2 protein chains.
Amino acid sequence: MSPSRPNGLSRQPRNVVSRGIPEATVARLPVYLRALVSLAERGATTVSSEELAAAAGVTSAKLRKDLSHLGSYGTRGVGYEVEYLVYQISRELGLSQDWRVAIVGIGNLGHALANYGGFASRGFRVVALLDAGEVVGEKVAGLTVASVDDLEHVVKEQEVSIAVIATPGAAAQPLCDRLVAAGITSILNFAPVVLQVPEGVKVRKVDLSTELQILAFHEQRKSAAVLGIDADVVAQAFVEAAQ
Amino acid sequence: MSPSRPNGLSRQPRNVVSRGIPEATVARLPVYLRALVSLAERGATTVSSEELAAAAGVTSAKLRKDLSHLGSYGTRGVGYEVEYLVYQISRELGLSQDWRVAIVGIGNLGHALANYGGFASRGFRVVALLDAGEVVGEKVAGLTVASVDDLEHVVKEQEVSIAVIATPGAAAQPLCDRLVAAGITSILNFAPVVLQVPEGVKVRKVDLSTELQILAFHEQRKSAAVLGIDADVVAQAFVEAAQ
DNA sequence: AGGCACGTGTGAACGTGTGCACAAAGTCGC
DNA sequence: GCGACTTTGTGCACACGTTCACACGTGCCT
Ligand SMILES: NC(=O)c1ccc[n+]([C@@H]2O[C@H](COP(=O)([O-])OP(=O)(O)OC[C@H]3O[C@@H](n4cnc5c(N)ncnc54)[C@H](O)[C@@H]3O)[C@@H](O)[C@H]2O)c1
Ligand SMILES: NC(=O)c1ccc[n+]([C@@H]2O[C@H](COP(=O)([O-])OP(=O)(O)OC[C@H]3O[C@@H](n4cnc5c(N)ncnc54)[C@H](O)[C@@H]3O)[C@@H](O)[C@H]2O)c1
């Protein structure tokens with residue numbers, strides 16, 4: 001085996017067999033899962049890498065490599081069995097169990113999130129709503145909004161394992177610290193700040209402004225290109241004029 | 001110059017001088033920008049790569065390399081002038097101009113987006129709200145909700161350059177097709193579907209479920225590790241038992 | 001004016017992710 | 001049962017991104 005070792009030593013075997021799925025792959029698994037569920041609903045029983053890749057918006061080679069990290073769940077000459085693949089990906093993502101989610105900050109966004117049905121459909125159960133304002137005590141989406149003062153208590157009692165932060169930016173970091181102290185290690189952050197957390201705590205952020213700014217960047221490039229303008233030259237002239 | 005050319009030919013010079021900022025860098029510029037604005041508000045006039053990197057949640061080396069793609073805007077031995085860097089990044093991202101945004105789908109999420117103040121603060125102006133339901137004709141955030149039937153007309157008249165889709169999944173692709181046909185080339189999509197678009201159109205998606213699923217994956221890994229359980233072995237046993 | 005301390009800018013090494021191309025493995029028709 | 005055809009799984013090469021480490025430019029202090 002290993003007929004042509006690259007060149008000399010190889011620090012560590014790495015990816016010995018399947019331990020450790022690449023981060024980029026993990027980020028795509030939910031997309032595949034959604035495409036598969038959609039296919040299943042339309043009655044498909046098997047699907048080729050080509051078809052599934054098209055539905056997920058990736059290339060077939062990438063899809064196959066991604067799936068190969070979970071194991072060999074396809075059949076050569078045929079494709080993948082939809083049901084089985086749904087099961088395997090769900091298991092890998094940990095969706096066989098229910099995840100208990102708390103939302104902190106029940107303003108515009110918090111309300112929308114609390115009322116959103118798309119969570120429950122895939123193993124995420126919103127079990128607690130927390131706020132510091134007048135909304136405390138009100139019923140939202142079938143839950144009574146609790147006070148952040150009781151955060152530690154609620155987290156423990158409701159066995160929350162994932163927290164969603166939807167408060168204004170200024171409140172986010174202190175809140176995050178309390179959540180971490182209460183034992184939370186997975187946070188989804190909507191506030192426009194970079195949360196500082198200790199090792200072992202995973203934060204993912206959803207940032208509207210950032211997304212729009214990235215779109216604006218590319219849009220600008222396009223306009224400049226169409227007009228045959230070199231953005232850097234224009235900028236340079238602009239800077240010089242300002243001096 | 002070029003004392004040790006790697007090996008033989010190099011397809012294209014690439015990154016000749018500054019043309020083409022890496023995608024990964026572009027995605028971080030908005031974060032730097034926010035950190036800088038925050039620093040400016042606190043009265044800082046200069047900042048080192050170390051400080052700014054900490055505020056942005058990246059390493060200082062990464063920050064410096066990112067900024068070096070825009071030009072040499074720092075001063076050795078001192079750091080970066082906050083105001084000037086804000087200006088340069090804003091310019092690079094195309095924030096010196098106002099971007100006209102339309103939101104399609106004024107439900108739970110659409111309302112929250114329309115009422116959100118964070119857009120206007122950085123050059124994004126919501127100029128049109130569109131829906132197909134009962135909300136048409138109502139006033140939301142100072143704008144009258146128009147009917148999607150008039151989409152093409154509104155896009156042209158309001159000179160919309162960025163569209164936000166916040167409709168249910170099923171409506172997203174047809175809507176996207178119409179937006180593209182109307183000349184839109186930048187779309188921010190909240191619907192849980194992969195939009196198919198022609199070359200030249202940029203889509204970015206914000207996907208709550210995906211984010212939660214990624215968190216769940218890592219959370220699961222952690223639990224398994226703590227218990228000393230090998231997830232693959234457990235899964236294998238599970239599969240065998242099911243046969 | 002000259003030395004010193006500081007922090008940027010960047011070359012080079014390394015690691016991760018993507019795309020290509022094809023052998024291997026399976027199915028289906030006959 | 002066998003051969004032709006289909007499609008997976010993967011080795012390899014390349015592209016992209018990150019990290020390291022330090023030379024060099026800059027301002028400050030004496
Ligand atoms: N609304 C949007 O579309 C949108 C879009 C992008 C980002 N965001 C971000 O999401 C966050 C929430 O936005 P929003 O529009 O819902 O704001 P909002 O002002 O409507 O709601 C914020 C809520 O947080 C509560 N709150 C404040 N301090 C708190 C604390 N210490 N503990 C608990 N709750 C606290 C307030 O009582 C309020 O109910 C903001 O950071 C905003 O920047 C919102
Ligand atoms: N609410 C959330 O927190 C949340 C979170 C994640 C993702 N999403 C996604 O965002 C989207 C919107 O969510 P929501 O909660 O606001 O849903 P919603 O049902 O409250 O609102 C959808 C709106 O779209 C309108 N609409 C339907 N078809 C349309 C069409 N063809 N053209 C124009 N408008 C049309 C409806 O009239 C309605 O007002 C959904 O795809 C949802 O999956 C929502």
Side-chain angles (χ1 to χ4, degrees), chain A residues 1-29 32 45-54 56-82 84-85 88, chain B residues 1-29 32 45-54 56-82 84-85 88:
Chain A
M1 240 150 275
S2 78
S4 65
R5 192 65 73 86
N7 49 358
L9 62 139
S10 59
R11 204 170 302 268
Q12 257 179 337
R14 194 161 32 92
N15 270 0
V16 196
V17 52
S18 79
R19 214 60 35 76
I21 295 172
E23 195 59 31
T25 296
V26 173
R28 282 188 294 265
L29 288 180
Y32 301 156
T45 58
T46 63
V47 65
S48 71
S49 64
E50 205 70 52
E51 295 170 286
L52 183 52
V58 299
T59 65
S60 62
K62 201 187 278 187
L63 176 94
R64 286 200 301 277
K65 186 147 286 182
D66 282 343
L67 294 184
S68 77
H69 288 117
L70 317 189
S72 283
Y73 298 139
T75 308
R76 293 173 185 221
V78 178
Y80 302 87
E81 200 196 325
V82 176
Y84 187 55
L85 200 49
Q88 289 297 346
Chain B
M1 239 153 272
S2 78
S4 66
R5 192 66 72 85
N7 49 357
L9 62 140
S10 58
R11 203 168 304 267
Q12 256 180 338
R14 194 159 35 88
N15 269 0
V16 195
V17 50
S18 79
R19 213 63 31 79
I21 295 171
E23 193 59 34
T25 297
V26 172
R28 282 188 294 266
L29 289 180
Y32 301 155
T45 58
T46 63
V47 65
S48 71
S49 64
E50 205 70 53
E51 295 170 288
L52 184 51
V58 300
T59 65
S60 62
K62 200 186 278 187
L63 177 95
R64 287 200 302 276
K65 183 142 285 183
D66 282 343
L67 294 184
S68 76
H69 289 117
L70 317 189
S72 283
Y73 298 139
T75 308
R76 294 175 184 220
V78 178
Y80 302 88
E81 201 195 323
V82 176
Y84 187 57
L85 200 49
Q88 290 296 346

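Order of the sequence lines sets the chain letters (A, B, ...), proteins ahead of strands, with each chain counted from 1. None of the values given here were measured: they were computed from a predicted structure.
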At a heavy-atom distance below 4.0 Å, what parts of residues 59-67 of chain B sit against DNA chain C? B:R64, B:K65

Residue B:E23 excluded, over 12 heavy atoms near CD under 6.0 Å: yes

Separation of atom CG in A:L70 from atom P in D:dT10, rounded to whole Å: 12 Å

Spacing between A:Q88 atom CD and D:dT8 atom P, to the nearest angstrom: 17 Å

For a quick test of reading the model, state the closest non-hydrogen atom pair linking A:V47 to A:L52 and the distance between them. CG2-N, 3.7 Å

Would you tabulate the pairs of protein nitrogen or oxygen atoms and nucleotide nitrogen or oxygen atoms of nucleotides 24-28 of chain C closer than 3.5 angstrom?
from   : atom 1 : to    : atom 2 : distance (Å)
C:dA24 : N3     : A:R76 : NH1    : 2.8
C:dA25 : O4'    : A:R76 : NH1    : 3.4

Could you measure the distance from the OH atom of A:Y80 to the CG atom of A:L67? Nearest 0.5 Å is fine. 5.0 Å

Beyond-backbone contact of A:Y32 with A:L85, side-chain heavy atoms, under 4.5 angstrom: no

Rounded to whole Å, how long is the line connecting atom CD of B:E50 with atom C1' of C:dG9? 15 Å

Would you kindly give the CG-to-P distance between A:L52 and D:dG9, to the nearest whole Å? 12 Å

What heavy-atom pair brings B:V58 and B:R28 nearest, and what distance separates the two atoms? CG1-CD, 4.0 Å

In whole angstrom, what separates A:E23's CD from D:dC16's P? 21 Å

Could you measure the distance from the OG atom of A:S49 to the NZ atom of A:K62? Nearest 0.5 Å is fine. 14.0 Å

Separation of atom CZ in B:R28 from atom C1' in D:dT19, rounded to whole Å: 12 Å

Can you find a side chain N or O atom of B:Y80 that sits less than 4.0 Å from OP1 or OP2 on C:dG9? yes

Does C:dT8 have OP1 or OP2 sitting under 4.0 Å from an N or O in the side chain of B:S49? yes

A:T25 side, atom OG1; A:L29 side, atom CG - distance, nearest 0.5 Å: 6.5 Å

